[in-house]
Amino acid sequence: IENIPKVIEDEEYIKKEIKNIKDKIYIYHVFEDEIEKFNEKGKKIKQEEVKVMSRELNAVFIYIKEKNEIFKIRNLQILKEDLEKENLEKVFFGSKDFLVFLKRNSIKYGKKILDLKLAEYLVDSGMSKYEFKNVITKYLSTKYITLFIQDISVGAYLIYLLEKEIIDKLKESNMENVLEDIELPLLDILAEMTYLGIKVDTKKIEDFGKVLEKELEVLTNEIHMLSGEEFNINSPKQLGVILFEKLKLTPFKKTKTGY
């Protein structure tokens, strides 16, 4: 693969150069629980999920197109001013958890955000999972997956490569307005909801649960009385026998496994 960007970790260099960024940055972020481990065949080893509010950031990788460099940033304060710039576009593949993290650390961010994961959802809503590696394989090639496995900092550069591919498909689907007018404005709302959470009165929920249990018991007894026998109302098979064989109701259709 040609033109792979150099990864820069020198904080003084990053502080100096990042002030000159005016147009757009490509951000790939990694939380501590996302440090991906692979077996000898390159297959990801599953790790336990953790709550969003307890996650700690491991590193942020910023791809700068004009310099063809990736800045590896562990101290987010270096990036704070740029994140808050309203005229600087920040491009992600999956941004919500990162935005929640910023809110948790009292760091503001400008509204000019492009989330390619949302764009890909609009392009192909039939995908079962919108994982970064799946989308890389779809639009680029497996050689980039190998590169990514070897060095996750390349993720920021891959977001840059994916942008044109996904946005072109989005335009072909005439879904740009849906992304810009609905999905992207909702990002901040969802991040705020996740950050704030909701207060729950556990006592009231428990009491309401008991009310529902009593109502369910009454209804179950009534169903058994009307059907003339007891059966498991949660069983589609048993319910089908009662409705369509015993009570002779007309079924919409019968399948190999029941009604």
Side-chain angles (χ1 to χ4, degrees), residues 1-5 7 24-39 41-47 49-50 52 55 57-65 68 70-72 89-101 109 112-188 190-191 194:
I1 303 174
E2 298 180 354
N3 299 320
I4 298 302
V7 179
K24 184 184 296 189
I25 57 176
Y26 299 85
I27 302 176
Y28 182 73
H29 55 281
V30 183
F31 288 96
E32 290 288 356
D33 60 295
E34 290 179 325
I35 301 300
E36 298 182 344
K37 297 179 180 179
F38 299 86
N39 61 22
K41 294 182 179 179
K43 186 176 181 181
K44 184 177 177 181
I45 299 172
K46 293 183 179 179
Q47 300 183 59
E49 294 182 1
V50 297
V52 171
R55 304 177 88 182
L57 200 66
N58 178 274
V60 178
F61 303 99
I62 309 292
Y63 175 65
I64 311 300
K65 175 186 175 183
N68 195 33
I70 296 172
F71 295 166
K72 182 176 181 179
E89 185 172 15
K90 299 92 181 172
V91 185
F92 297 83
F93 186 88
S95 61
K96 184 173 73 70
D97 287 356
F98 185 66
L99 300 184
V100 172
F101 180 83
Y109 50 86
K112 203 171 181 182
I113 291 174
L114 172 60
D115 193 326
L116 296 178
K117 189 172 185 178
L118 288 176
E120 176 61 13
Y121 168 74
L122 295 175
V123 168
D124 187 359
S125 59
M127 287 181 67
S128 58
K129 289 185 179 181
Y130 296 87
E131 292 184 358
F132 192 40
K133 289 192 289 296
N134 293 346
V135 178
I136 293 170
T137 303
K138 176 180 177 181
Y139 289 104
L140 303 176
S141 71
T142 53
K143 62 183 179 182
Y144 287 102
I145 291 293
T146 303
L147 184 66
F148 180 60
I149 290 173
Q150 293 171 346
D151 184 1
I152 59 174
S153 66
V154 179
Y157 175 61
L158 297 180
I159 290 174
Y160 160 71
L161 295 180
L162 286 171
E163 181 186 25
K164 183 181 186 305
E165 301 293 334
I166 295 177
I167 296 304
D168 282 352
K169 289 291 184 182
L170 189 75
K171 290 178 180 178
E172 288 177 15
S173 305
N174 295 316
M175 298 292 279
E176 308 107 292
N177 290 342
V178 178
L179 180 68
E180 294 172 5
D181 299 336
I182 299 176
E183 296 293 348
L184 292 178
L186 276 174
L187 261 178
D188 185 56
L190 292 174
T194 305

(request) Let me see the working for Phe148 and Phe132 under ring-ring contact (aromatic ring centres under 6.0 Å, His included), right down to the final yes or no. (result) CA-CA 10 Å; Phe148 180 60; Phe132 192 40; 5.4 Å; yes
(request) Check the pair Val7 / Val154 against side chain to side chain contact (heavy atoms under 4.5 Å, CB included), numbers first and verdict last. (result) CA-CA 8 Å; Val7 179; Val154 179; 5.8 Å; no
(request) Measure the CD1-CG distance between Ile113 and Leu118 for me, rounded to the nearest 0.5 Å. (result) 10.5 Å
(message) Using 0.5 Å steps for rounding, measure from the OG atom of Ser95 to the CG atom of Leu187.
(response) 4.0 Å
(message) Testing the basics here: between Val100 and Ala191, what is the closest heavy-atom pair and its distance to 0.1 Å?
(response) CG2-O, 3.6 Å
(request) Drop me the distance from His29's NE2 to Leu99's CG, to the nearest 0.5 angstrom. (result) 8.0 Å
(message) Using a 6.0 Å cut-off, check whether atom NZ of Lys112 has over 12 heavy atoms from anything other than its own residue.
(response) yes
(request) Report yes if some heavy atom in the side chain of Tyr144 is under 4.5 Å from a heavy atom in the side chain of Leu161; otherwise report no. (result) yes
(request) Report the relative orientation of the aromatic rings in Phe92 and Phe98; use parallel for angles under 30°, tilted for 30 to 60°, perpendicular for over 60°. (result) tilted
(message) What's the separation between atom CG in Leu116 and atom CG in Leu122, rounded to the nearest 0.5 Å?
(response) 11.5 Å
(message) So for atom OH, which belongs to Tyr121, do other residues, nucleotides or ligands contribute more than 12 heavy atoms lying within a distance under 6.0 Å?
(response) no
(request) Indicate the atoms forming the closest heavy-atom contact of Lys164 with Asp168, along with that distance. (result) NZ-OD2, 2.7 Å
(message) Could you check whether any side-chain N or O of Tyr160 sits under 3.5 Å from a backbone N or O of Val91, counting only pairs where one atom can act as donor and the other as acceptor?
(response) no
(request) Could you check whether the rings of Tyr26 and Tyr63 sit parallel, tilted or perpendicular, using 30° and 60° as the cut-offs? (result) tilted
(request) Return the minimal non-hydrogen interatomic distance between Ile145 and Lys133, and the atom names on each side. (result) CD1-O, 3.3 Å
(request) Grab the two heavy atoms, one from Leu184 and one from Asp115, that are nearest each other, plus how far apart they are. (result) CD2-N, 3.7 Å
(request) Considering non-hydrogen atoms only, spot the tightest contact between Ile27 and Ile159 and give its length. (result) O-CD1, 3.1 Å
(message) Could you measure the distance from the CD1 atom of Ile136 to the CD atom of Glu131? Nearest 0.5 Å is fine.
(response) 10.5 Å
(message) Tell me if the NZ atom of Lys169 is crowded by more than 12 foreign heavy atoms within 6.0 Å.
(response) no
(request) Working to the nearest 0.5 Å, report the span between CG of Leu147 and CG of Leu158. (result) 6.5 Å
(request) Taking all non-hydrogen atoms of both residues into account, name the closest pair between Glu120 and Tyr139 and its distance. (result) OE1-OH, 2.6 Å
(message) One thing to verify: whether Lys24 and Glu163 come together as a salt bridge, which I'm taking to mean a side-chain N less than 4.0 angstrom from a carboxylate O.
(response) yes
